[in-house]
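Within every chain, numbering begins at 1; the chains are lettered A, B, ... in the order of the sequence lines, protein sequences first and strands thereafter.
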Protein chains: 2
Amino acid sequence: MAGKVEIRRKALRENLIKIADQRIGEDGLANLRARDLAKDAGCALGAIYNIFDDLTDLILAVNALTFKRLGAAVAADLADAPEQPIEQLVVMGQAYYHFAAENHNHWRALFDLPRSEGETAPEWYLEEMGRLFSYIHGPLSVLRPNLGEKDLHLFTRALFSSVHGIVLLGIDQASAGVPEKDLDRMIALLIRQISK
Amino acid sequence: MAGKVEIRRKALRENLIKIADQRIGEDGLANLRARDLAKDAGCALGAIYNIFDDLTDLILAVNALTFKRLGAAVAADLADAPEQPIEQLVVMGQAYYHFAAENHNHWRALFDLPRSEGETAPEWYLEEMGRLFSYIHGPLSVLRPNLGEKDLHLFTRALFSSVHGIVLLGIDQASAGVPEKDLDRMIALLIRQISK
DNA sequence: TCCTCCAACTGAACGTAGTTCAATTTAACG
DNA sequence: CGTTAAATTGAACTACGTTCAGTTGGAGGA
């Protein structure tokens, strides 16, 4: 019966991720507590540390889920988009914004997780980021066929970063915020202008 | 002699801000400790709380300094800039980036300070933000004379947010980072394209 | 100059975190 | 079913921000 332990561990692992995912969604990353997790999961406090190195490790697992959902949301909206490259970029930008708005706490957790000095993001993080980039890269390469590969990559990154910045400052700051209609419009304006 | 106390309080206040400013610059916001501050300032732990409501209050004072320095840095580079509006925008964008790169920890502290749920940023924060926006608003209004006032404001905000996003993801993520040359180029490309 | 009183200052103590580890429980195997 | 090693537990440890009862020291009057 080599496995009873592994099965239980695996179940607890999934359970902990599910519960942390819920709590982050409801209360935000800053309100996640190891003791709450243990209570909700019906396990000992120390059990968390049998499975994860530390809370950061657990949060990374939640962030992986969030990243997958984000990718899926963007892909779903993209599927219904017109086939003009520029419209696809607009749809993607707005899909990114809508996901961030509707999953604020989850989305923030992607970027709020403090990575200690000089530590690089985990590999899957870069991969998921790359997937998002590749969505942009396609339409952009059609719009800008004269750009070299390196410049195209820079441009792709710049476009993503720009939309990210608009969403971040638009949603996040209590700086009087920007109404949803306006944010959608800002994103569309930016992308149309940048892709022209 | 109505004043000996006030003088000491004021001196300690300035001293604490100076020390917190240094520590944030050297070790980052996340490594700021009340006990370290007290030790460095040669005061009691509780003394900090006679002067500031809490550490957040002190950090806000440091951030106010940082914001002033940021504004001054942008203004200084702007003073040497060509008079073409588009070049001024490029210079400002790159000045923002250079400030962020050279004062990474200070710059991050501006945005990393956790504001508890629904709390709005302090007034001076919005004012300084407004000052940065007004730098952009001028040249942009020359470049886009046909835009309405509201759209111009949206565009101004979008432009700032875009540069902010590029700097944030370019500097911050350990995502293989973007070389300085490339970031300068990305910012210039974006601004030229967006202002066209 | 000295005394008195009250505001200001002090730092030990408190509450709340994440994390650890000695003691206990439990699963795997002969 | 007994033995043993690994897994699990939760009280304890450490490290924070913050508080507050006790003490100190300054300002005004005698």
> How would you list all residue pairs meeting ring pair (Phe, Tyr, Trp, His ring centres under 6.0 Å) that involve residues 67-92 of chain A, not counting sequence neighbours?
Replying inline: A:Phe67-A:Tyr125
>> Which residues pass the salt bridge (charged side-chain N to carboxylate O under 4.0 Å, His left out) test with B:Arg185, not counting sequence neighbours?
In response: A:Asp151
>> Tell me which residues in residues 52-59 of chain A lie within less than 4.0 Å of DNA chain C, going by non-hydrogen atoms.
In response: A:Asp54, A:Leu55
> Does B:Arg108 have any side chain to side chain donor-acceptor pair (under 3.5 Å) partners at least two apart in sequence or in another chain, and if so, which?
Replying inline: B:Asp112, B:Asp172
> Among pairs that include at least one residue of residues 83-98 of chain B, which meet salt bridge (Lys or Arg N to Asp or Glu O under 4.0 Å), considering only residues two or more places apart or in two chains?
Replying inline: B:Glu87-B:Arg192
> Can you list every pair that meets salt bridge (Lys or Arg N to Asp or Glu O under 4.0 Å) and has a residue in residues 46-63 of chain B, with sequence neighbours left out?
Replying inline: none
> A:Arg69: what forms a salt bridge (charged side-chain N to carboxylate O under 4.0 Å, His left out) with it, not counting sequence neighbours?
Replying inline: A:Asp21
>> For the helix from C:dT1-D:dA30 to C:dG30-D:dC1, what angle separates the axis at the start from the axis at the finish, each from five pairs, in steps of 10°?
In response: 10°
> Can you name the residues that form a ring-ring contact (aromatic ring centres under 6.0 Å, His included) with A:His98, not counting sequence neighbours?
Replying inline: none
> From the list D:dT8, C:dT10, D:dT19, which nucleotide is the closest neighbour of the side chain of B:Ala44?
Replying inline: C:dT10
>> With a cut-off of less than 4.0 Å, is there a side-chain N or O of B:Arg8 near OP1 or OP2 of D:dG25?
In response: no
Please write out each protein N/O paired with an N/O of nucleotides 12-15 of chain C under 3.5 Å, distance rounded to 0.1 Å.
residue : atom : partner : partner atom : Å
C:dA13  : N6   : B:Arg35 : NH2          : 3.4

>> Under the salt bridge (Lys or Arg N to Asp or Glu O under 4.0 Å) definition, can you give me all pairs with a residue in residues 131-140 of chain A, not counting sequence neighbours?
In response: A:Glu128-A:Arg131
>> Going by ring-ring contact (aromatic ring centres under 6.0 Å, His included), name the residues that satisfy it together with B:His106, two or more places apart in sequence or in a different chain.
In response: none
